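Here it is, the structure in full.
One-based numbering, in listed order, for ligands and for the atoms of each. Since we're looking at a predicted model, the values are computed, not measured. Start at 1 with the first residue, then count along the sequence.
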Amino acid sequence: MLGSTTSSRLFRKAVTCATTGKVQTRSLASVAQTASLQPTAKGHKVVVVGGGAAGLSVGHQLLRSGKFGAGSIAIVDPAEYHHYQPGWTFVGGGVKSKEELRRPLGSLIDPKLKHYQEGVVSFHPEKNTITLSNGDALNYDHLVVAPGIKINLDAIDGLQDALKDPASLVSTIYSYDYCDKVFSSIQKLKQGTAIFTQPTGVVKCAGAPQKIMWLALDYWKGQKLYQPGQASPINVVFATGLPVMFGVPKYSQALNKLREERGVAAMFEHDLVSVKSNIATFKSPHSKELVKKSFDFLHVAPKMGPHKFVSDSVLSNELGYLDVNEETLRHKDYDNVWGLGDAAALPTSKTAAAITAQAPVLVKNLLQAIDGAESSNKYDGYTSCPLTTEYGKVMLAEFKYGQELKETFGGMLGIDQAVPRRAFYYMKRDFFPWVYYKSMVKGTWQGPKGWST
Ligand code: UQ1
């Protein structure tokens, strides 16, 4: 038993994780104590891991608070380029080029932020340090962890080879390398079965696997290769690991109605496990045996999951995601560690729109922590999924924790956001990418809440 005189700084608890068996040493060091740490040569008041939508938003919002001098905040990310990933659906649909959606990461980072173009090898929250891939250690008062998640192309047997094969019509919008192969494959298909898959488990933007299907279907319709409700050269199948079209009932019902009207066959609760020549194999709770289906075109939403340096660390929960409080975004065990974005264990859909709501909450709570105050700002789980249902129309799904609706335009003039609209399409195609690079990654756009200084 630890006596009451034991300072919290010395208080360590060893927790054995039930599923991994790994022993996690957890520090309950308070912020007041860590804040008194003298920064070393490679020390920063705040170290942000990740230069994606989340890391850049937080880094720049912190800088704009005026409370940090040059070099006080660091961003760690090995990537050369930053990608506007929500735009990859439009690359797949032949509407945008993948090159126009990316920027050199360095060009997006304010010179007052120190940029380490390195990966992270390990976290040492009990020592307030992280170890970089070049072997250096970085010391911090506060750590913000936002490295995103990994696309695991290897998790589906045969997928990598099929993607690499220029002759196969197998593609994915979930990869910079292959998102342009999607449109060329759509164009090449003249007849046969087109399958679009969505895996069980975590994915970025749960709507994207069907957004690309609706665009492809519209393209084939324009080519007279697909006519809803009639025998057509091309037939379309949506094979999803989920039992429904979408996680929120209102949008799910609207999307299922579209699916039926458009004659798209559904394979619910079918999870793609392998791709071999023109055979896709699925696992399903409805069948003892694996389900095999031949295809002429296959669009795959791959399996995704946390980076190993996150899942192997004491910062992760048993599923490998950052174990943060769902409302404050503060780590459950380490008071000076924060997490947001795709890598965080937040029960909501992983999107750029979610970051517009998460970043300001985290930043305000972190600034309060520096002042020795409790976190009073709460993230409500807001996220949004602008679903392209055809060229020129988008259904704007917006919701929060508990699959509860949180529609920006829902209250206005009786606008029903489950009805696909032209205005939402232009918002997604033109306004969001513009506001993203112009303002959001610079820390001055808070989504539906608008601009901030
Ligand atoms: C948003 O803020 C945003 O970031 C720039 C997106 O880009 C991916 C979005 O898709 C959405 C829906 C939002 C939310 C903003 C409004 C005004 C609904």
Practice task
Answer with side chain, backbone, both or neither: which part of Thr351 has a heavy atom less than 4.0 angstrom from an atom of ligand 1?
Solution key: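 Under 4.0 Å from ligand 1, Thr351 contributes no heavy atoms.
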Problem - Test of ring centre spacing under 6.0 Å for Tyr84 and Phe432 - result: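 So the answer is no for these two rings.
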Exercise for the section: Say whether Glu398 and ligand 1 are in contact under the criterion: heavy-atom distance to a ligand atom below 4.0 Å. Expected result: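 A heavy atom of Glu398 does come that close to ligand 1.
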Problem - Option with minimal heavy-atom separation from atom 7 (O) of ligand 1, where the choices are Phe409, Phe424, Tyr84 - result: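 Nearest heavy atom to atom 7 (O) of ligand 1 lies in Tyr84.
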Exercise for the section: Mind checking whether Phe431 contacts ligand 1 via backbone (N, CA, C, O), side chain (CB onward), both or neither, at a 4.0 Å heavy-atom cut-off? Expected result: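 No part of Phe431 comes within reach of ligand 1.
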Practice task
Establish, from distance only, whether the side-chain atoms of Lys303 and Thr200 form a donor-acceptor pair under 3.5 Å.
Solution key: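 Yes, because at least one side-chain N or O of Lys303 sits under 3.5 Å from a partner of the opposite role on Thr200.
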Exercise for the section: Determine whether Ser439 and Trp451 make a side-chain contact, defined as any pair of heavy atoms from C-beta on separated by less than 4.5 Å. Expected result: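 Counting from C-beta outward, Ser439 and Trp451 do come under 4.5 Å.
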Handout entry: Selected option - heavy-atom contact closest to atom 11 (C) of ligand 1, from Phe432, Tyr436, Trp445
Key =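 Considering heavy atoms of Phe432, Tyr436, Trp445, the nearest to atom 11 (C) of ligand 1 sits in Phe432.
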Practice task
Take every heavy atom of Trp434, measure it against each atom of ligand 1, and state whether any distance is under 4.0 Å.
Solution key: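 False for this residue.
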Practice task
Anything under 30° is parallel, anything over 60° is perpendicular, the rest tilted; go ahead and classify His331 against Tyr334.
Solution key: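 Taking Tyr334 first and then His331, their aromatic rings sit tilted (interplane angle of 30° to 60°).
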Handout entry: Residue among Trp434, Phe431, Tyr436 satisfying ring pair (Phe, Tyr, Trp, His ring centres under 6.0 Å) with Trp445
Key =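 Testing Trp445 for a ring pair (Phe, Tyr, Trp, His ring centres under 6.0 Å) against Trp434, Phe431, Tyr436 leaves exactly one candidate, Phe431.
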Handout entry: Test item: Ile151 and Tyr176 side chains (from C-beta on) under 4.5 Å apart, heavy atoms
Key =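 Answer no - side chains too far apart.
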Exercise for the section: Going by heavy-atom distance to atom 12 (C) of ligand 1, choose the closest among Pro448, Gly87, Ser384. Expected result: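 The nearest heavy atom belongs to Ser384.
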